[in-house]
Structures are given as structure tokens and as C-alpha cells.
**Q** 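Below: one structure in C-alpha cells.
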Amino acid sequence: MRMSEFFLPTLKEDPSEAQIVSHRFMLRAGMIRQSSAGIYSWLPMGLRVLKKIEGIVRQEQDRAGCQELLMPTIQSADIWRESGRYDDYGKEMLRITDRHDREMLYGPTNEELITEIFRESVRSYKDLPKLLYHIQWKFRDEVRPRFGVMRGREFLMKDSYSFDLDFAGAKQTYNKMFVSYLRTFSRMGLKAIPMAADSGPIGGDMSHEFLILADTGESEVFCHRDILSFDVPGDDVDYRIDQQPVVDKWTSLYAATDEKHNAAREEELGEELVAARGIEVGHIFYFGTKYSKAMNAVVASPDGQEIPVEMGSYGVGVSRLVAGIIEASHDDDGIIWPEPVAPFGAGIINLRAGDALCDTTCEDLYSKLSSAGLDPLYDDRDERAGVKFANMDLIGLPWQVVVGPRGLENGMVEIKSRATGDKQEMTPDAVLNKLMAV
RNA sequence: CGGGGUGUAGCGCAGCCUGGUAGCGCACUUGCUUUGGGAGCAAGGGGUCCCCAGUUCGAAUCUGGGCACCCCGACCA
């Protein structure tokens, strides 16, 4: 992409409404614009990151044997009456009436809908287990939306739903999702810590929150130091094998949010205790037969009895992760994207647009990096050097290739790592080799 | 939902107390000069001063009522 053609409205000054760093940078880097309280448009730069995150989540769901489908944003109130949640959910649920005076709602979650889909189609234990997910926009009419997309009313969420015949199967599915979450967040360059959680309005008794560590996180977390260096299962993870040992390991040491922490246990840990700040980006629940009983989602067991299925649900805040990653990875100058979620693989800065040698060198780098699939962003604008440096630092691409007349006198360009700030002079060919190896 | 605050050019703000028809910085346009970390000079363009009533010869400014947004708290992915 050429920056001269890209729709990238960056801001030099901080918008007054943005309080936290991710919100400020998302506005300044031209990623989002607020539409109304807690509701945002995603501009091209922001959408690229959102799609990258979505892609990683999708890959790890698929790898764990979860199948993607897509449920609507608007649901009928009827199924929520069946589960009993229509009255329980309160004003957070956006209720809508259609032209025939039918009661509808903009879904805050999808347990009812997926249960309805399941019960219409599945009759036998032979069809279990099943693990389904979708990535869809949700709406919760928060009393007080804030912090940009971190705490918006409309948000993109991946939610999975599992159906098993018995508790043993449900537990194994839960473990599978637990491990896939460890992998998902780790692939985004995040340290995620699973913590025992309350099951909230969904109900149930087996539940973990996944919090990523960020200095500016919303809540305080306490954990044993060693959790931070635990290994995350690699690409060779085999989900056909019960992941219980991995779950056992990750839940063996103390970890708790400020709401649930236990001062006595922390005292015992002494030097081993880490107090940090975290942002919740995932939540997994086992809730058994709560919905299957209420909504009559039953299968025939091997002995011919109809039994309600064991269910769980597993959420990842996809749009929230965009902000969460920025909270975890930035400096005073702007965002520092981890490579797997970066909107572009590298930036090319032409310090003297219009200079023949600068132009041809940049064009050559641009076309070669493009065909290598690195998806570069080429700043070909007729702007001053300082503007280009500042903009590139703000939008946080992992690599910056700086091409200027001074270096080219010796046939050299400069490559800078956004994360470390390290700069190296090398030939354009050496830059290509280096970036293609990344 | 309790408490507080703010709505004036794309962004950040001043003007309001003490009424006289709107200004500053950045951004934008044009020209010249500049050119390796958010340039300089000059000339321009852009505003229903959130909305509706009221007071007044006259309202961004005063009064009343709405709406929107933000912050603290309670609540939450």
C-alpha cells in the first residue's frame, strides 16, 4: 500500500475524550472513529489489525476441532424466555420491537440460539461431541462505556459452544479450549494467565478468565512468578489426547485477580509473588445442563434414555484484544505491533520523494517486499522526514526501512526495529534478505 | 444509576463572569524558500458558536428546557 493513496487520517494531538493509551493511539493512528458512545467505526488501519487477530483466533479454533458457523446479531426474545434470561439480563440487553410488534433483541451472547440450533438437529449420542463457534458483533448496553473499544457497547467476539454426552467429555473439551486459548494469546505476542473465575450471569462451576499482562491494565492481578515462564504448547499439540496435564500445570500455582485474591496465600509466596496489572481477553465456562435442561436439548444415550447435553461456552474479546495488545505493547511515540498482528509487515520511508535514486530504490524495495508477501506500507508522500518518522513510529509497524539520499551515496539504506529502536545500515538487498527471513 | 464536567473550524483550545455579530495553535489550499526526527515566510479557504424557547434594540455570552459526549463511583468481555 502506498501511503499517498491509503486512507489514514492520523492525528497529531490527543483527542480530549481519550483517557487511556490504547484509545489515544487508536484514534491518533487512524484506526477507529467514534460513532456514538461505545460504538466505533473501524478505519482501514484498525480493520487490518482486527482481521489479523480474528485470523489467529480462527486458526486456533479450527486446529482444536472447533467448527465455524455464523449466527445473526438480532435474536428473537422467545428463546431467551425459554432459558429464563429474558428477564434476568436487565437493561444491558438492547431490546427491539419489529414492525409486527414482535420482541427482538440485539444479542449480547448466543447460548440460547446455539442451543436451539443444536436441539433441532442432533438426536443421538453418536453425534457428540460437537464444538461450534462464530465470530460476530455483540451488543451490551453498558451503563458507562469507556476506554474506547476496550469497554465499548458494540464489540466483536469469538464465542464457542460445546456439546458433550457426559461430564468427562465436557471436561476434556474444556481442557482443549483452555490450551487453544494459551496458544491463541501467545501467538499474538501476549503473556496470558488463566485464573479461576466466577461464572457470572451465565452460571456454572468450572470457569477460567484469561488475563493478559499490561502495565496499564484495568485490574490488579497476583500470581506466582513461575507462571510467567510456563511453556505454551507448540504447533504439534495433539488435541485428540486429553490436555489435562497442561491444564493441571497452568492451574497448579496461585493466580488471582484483585477481586478474588487471598492475602494469606500471597503472604506465603513471599518473593515468589508477582503483582501486576491485567486485561481480561478470554473467558471459558463449563455450565453443564443449565441451558440444555431449560431448552430441552437432549440426545438419546446408548441405553436409549433421553439425556440433556453437557455444555460449555468459550469467549474471546476480539475487538478488545486490539486495544489490549496496544496496552501491552507501546511507548511514548506510539504503538509497537507484535509481528503476527501488525497491519503491515514493514514500512518504507522515502526521505526525498521526487529524488530519482530514492524513488527507484523505494519502488524496487516496495515491489519485491510486496511479491514476497510482506505487505509493506510505502510512505511515498511529499512530506518532511520528521513527519514520516513520527507517523511511522505512531502506527507501529515492526520494521522501518529508511531510504534517503545521504545513505544512498554509499549504496546504503537503514533498517530500524520498532520494538528495540535498533538501526542498522545495509544494502537494499541485505534488507530484503533480512525481512524475508523474519 | 448516583456525583461532577464539557459542547465554539477537521483536532486542541480561548472568548462567556462584565451582551455589540467570533479568535488562537495545529491541520487544509496557493506561492517561494527549505529538506535525515512533527520547517520558515506570505497570501487564502473553512464556523447553524449542540438544539429549542425566552429576555433584550442586539445573545457564543443572560434565563429555562432538552440532547450529546467525557470523568469518578457502582456494574461488566
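Numbered from 1 within each chain, the chains take letters A, B, ... in sequence-line order.
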**Q** Give one of base, sugar-phosphate or nothing for Asp393(A), where a contact means two heavy atoms less than 4.0 Å apart.
**A** base
**Q** Counting side-chain heavy atoms from CB outward, which of C76(B), G36(B), C72(B) is closest to Arg146(A)?
**A** C72(B)
**Q** Nearest-nucleotide wise, let me know which of Ala37(A) and Lys12(A) is further upstream toward the 5' end of RNA chain B.
**A** Lys12(A)
**Q** What nucleotide, of G37(B), A39(B), G12(B), holds the atom closest to the side chain of Phe389(A)?
**A** G37(B)
**Q** Please tell me if Ser16(A) has a side-chain N or O lying less than 4.0 Å from either OP1 or OP2 of C13(B).
**A** yes
**Q** Taking the minimum atom-to-atom distance to the side chain of Arg352(A), which one of C70(B), G36(B), U35(B) wins?
**A** U35(B)
**Q** For Arg28(A), answer base if it contacts any base atom (sugar-phosphate contacts may also be present), sugar-phosphate if it contacts only those atoms, and nothing otherwise; contact means non-hydrogen atoms under 4.0 Å.
**A** base
**Q** Output the single nucleotide from A74(B), C70(B), U35(B) whose closest atom is nearest the side chain of Arg144(A).
**A** A74(B)
**Q** What is the distance, rounded to the nearest whole Å, between atom CD of Glu280(A) and atom C1' of C75(B)?
**A** 14 Å
**Q** Anything under 30° is parallel, anything over 60° is perpendicular, the rest tilted; go ahead and classify Phe222(A) against His261(A).
**A** parallel
**Q** Is any side-chain N or O of Gln34(A) closer than 4.0 Å to OP1 or OP2 of C70(B)?
**A** yes
**Q** So what does Lys91(A) hit on the nucleic acid, given a heavy-atom distance under 4.0 Å: a base, only sugar-phosphate, or nothing?
**A** sugar-phosphate
**Q** For Ser292(A) and Pro308(A), indicate whether the former's side chain and the latter's backbone hold a donor-acceptor pair under 3.5 Å.
**A** no
**Q** Nearest whole Å is fine: how far is G38(B) P from Ile349(A) CD1?
**A** 13 Å
**Q** If you pin Glu154(A) and Leu351(A) to their nearest nucleotides in RNA chain B, which one's is more 5'?
**A** Leu351(A)
**Q** For the side chain of Ser36(A), starting at C-beta, report the closest nucleotide among C69(B), G38(B), U34(B).
**A** C69(B)
**Q** Would you indicate which nucleotide in U35(B), G12(B), A74(B) comes nearest to any side-chain atom of Pro15(A)?
**A** G12(B)
